[in-house]
Amino acid sequence: MHISVAGELSYDMPHGNLYYGLMQRKRMARDSWPYFDPEYETLSIRINPPQVSVDNSSCKNSTLVKVDSMNKPGILLEVVQILTDLDLIITKAYISSDGGWFMDVFHVTDKYGHKISDSRTIDYIEKALGPKSYTSDILKTWPGKRVGVNNIGDYTAIELIGRDRPGLLRIACILYVNDDTTLRTVDDASRLSALEEQLKNILCGCKNDEKVAHTSISVGSTHVDRRLHQLLFADRDYEGNCLATVPDCPPLFKPNITIDRCEEKGYSVVNVRCKDRPKLMFDIVCTLTDMQYVVFHATISSDGPYASQEYYIRRMDGYTVDIEGEKEKVIKCLEAAIRRRISEGLSLELCAKDRVGLLSDVTRVLRENGLSVMRAGVTTVGEQAMHVFYVSDAAGNPVNMKTIQGLREEIGHTMMLNVKKVPTNTETLPLAKTSLFFRSLLEKFRS
């Protein structure tokens, strides 16, 4: 009988070499550092690997993504994050992870409401959610999420949070930059220190801004949407004094959130009903996870333009949400997370060949035309830069179409510009909220 232990060594059982090999390991562990096989951590995964299926035949209007796997902390957020990073719309979902097993069914479509027919996308879902995700770098290789000019080399992540100039709203922003000469991460300590100081000076433009302005520079990758939520949560944007500066949501957008108790099963039940939009489930699950709550069961559905989401949760320590003050905080944090991605008015989609300083030039043109950017998504894929800006005029009002026409005439000969009125239930973007003083920040990267 021939077996393999921990994927490393083979032994013939009849000769007793298995016992001998294990004893050798024990002696090595006793005589030096304690031995811990790195593959032991994934042993349960290899014994019971995740089962993932992408089903296009069971439902007429959507693709079913079914995930069965061993339960672990944060697994729901990981799955939802992978699906939303592919710009998939979750129209329904059924979640159950009570005990040691995690079983989910997601009804998804692409952003146009169609089933997922692209074989490459289906293959990625199966690999990213399946057993291969634990032994490969599949999560790092989705081409739509690359950063940097020509996508060569590493990059430096710069996190900014402070006050927006015109309306004194909150600005949270994550930028990925690299050296325009080496196309690699900026690792000169003095250069990074000077950059951080200059950025902080811009964020602290007003006397009272010093307490709310923060910058952070790190090397490596982070999930942008989740990190932006974390930055704004840490900045306590959910509190009344912060939300007071944010324009009231239109009645259709205002979320209705309640927290009740399920006495029979010992859960707190969070009910959310609001205007449906992409990434809504991600924003809610991300907030609950970062607030140290565990989702055991959930039901997600869309009823016309509205979404109804129900989550059965407990705290990490196993207790339910019973204190009124804690309930109030959870509700405020969920409301803030839902509002952060709301946009009205126009979106400007620009596409051009990437180059150093392109983003700074674009924001300069927008400012010179009296436009204020409320939210922005900036992506580089290969040699193409694709920017999307949600804009209003400087006073926060809808943009005059004469202004847009002037913008077309000014930049139309150098890049493609598509102007769209923002539908309330189909647009999706990273939730970086910013304004046109952002241009000053961008210019610092060119100096």
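Computed from a prediction, not measured in an experiment: that's the story for all the values here.
- Relative to the six-membered ring of Phe106, Lys92 misses at least one condition, a distance below 6.0 Å or an angle of at most 45° to the axis.
- Considering every non-hydrogen atom in both Leu228 and Cys173, the closest pair reads CD2-N, 3.7 Å.
- From Asn56, atom CG reaches atom CG of Leu64 across 9.0 Å, with rounding to the nearest 0.5 Å.
- The cationic group of Arg375 lies under 6.0 Å from the six-membered ring centre of Tyr390 and within 45° of the ring axis, placing it in a cation-pi geometry.
- Under the 30°/60° scheme for interplanar angles, the aromatic rings of His223 and Phe282 are found to be tilted.
- Closest non-hydrogen pair, Val419 versus Ile404, comes out as CG2-CG2, 3.5 Å.
- Atom OG1 of Thr289 and atom CD1 of Ile284 lie 11.5 Å apart (nearest 0.5 Å).
- Rounding to the nearest 0.5 angstrom, the gap separating the OG1 atom in Thr258 from the NZ atom in Lys327 is 9.5 Å.
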Exercise for the section: For side chain to side chain donor-acceptor pair (under 3.5 Å), just list the numbers for Asn418 and Glu349, CA-CA rounded to whole Å, side-chain angles, deciding distance to a tenth of an Å, and then say yes or no. Expected result: CA-CA 5 Å; Asn418 185 30; Glu349 301 177 353; 3.2 Å; yes
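- We find the CD1-OG1 distance between Ile82 and Thr84 to be 9.0 Å, quoted to the nearest 0.5 Å.
- Expressed to the nearest 0.5 Å, how far OG of Ser62 lies from CG of Asp110 amounts to 11.5 Å.
- For Tyr94 and His297, the ring centers are positioned 6.0 Å apart or more.
- Under a cutoff of 6.0 Å and an axis angle of 45°, Arg314 and Phe296 form a cation-pi pair.
- To the nearest 0.5 Å, the span separating CD1 on Ile338 from CD on Gln309 amounts to 7.5 Å.
- Between Asp55 and Ser53, the side chains place no donor N or O within less than 3.5 Å of an acceptor N or O (distance only, hydrogens not considered).
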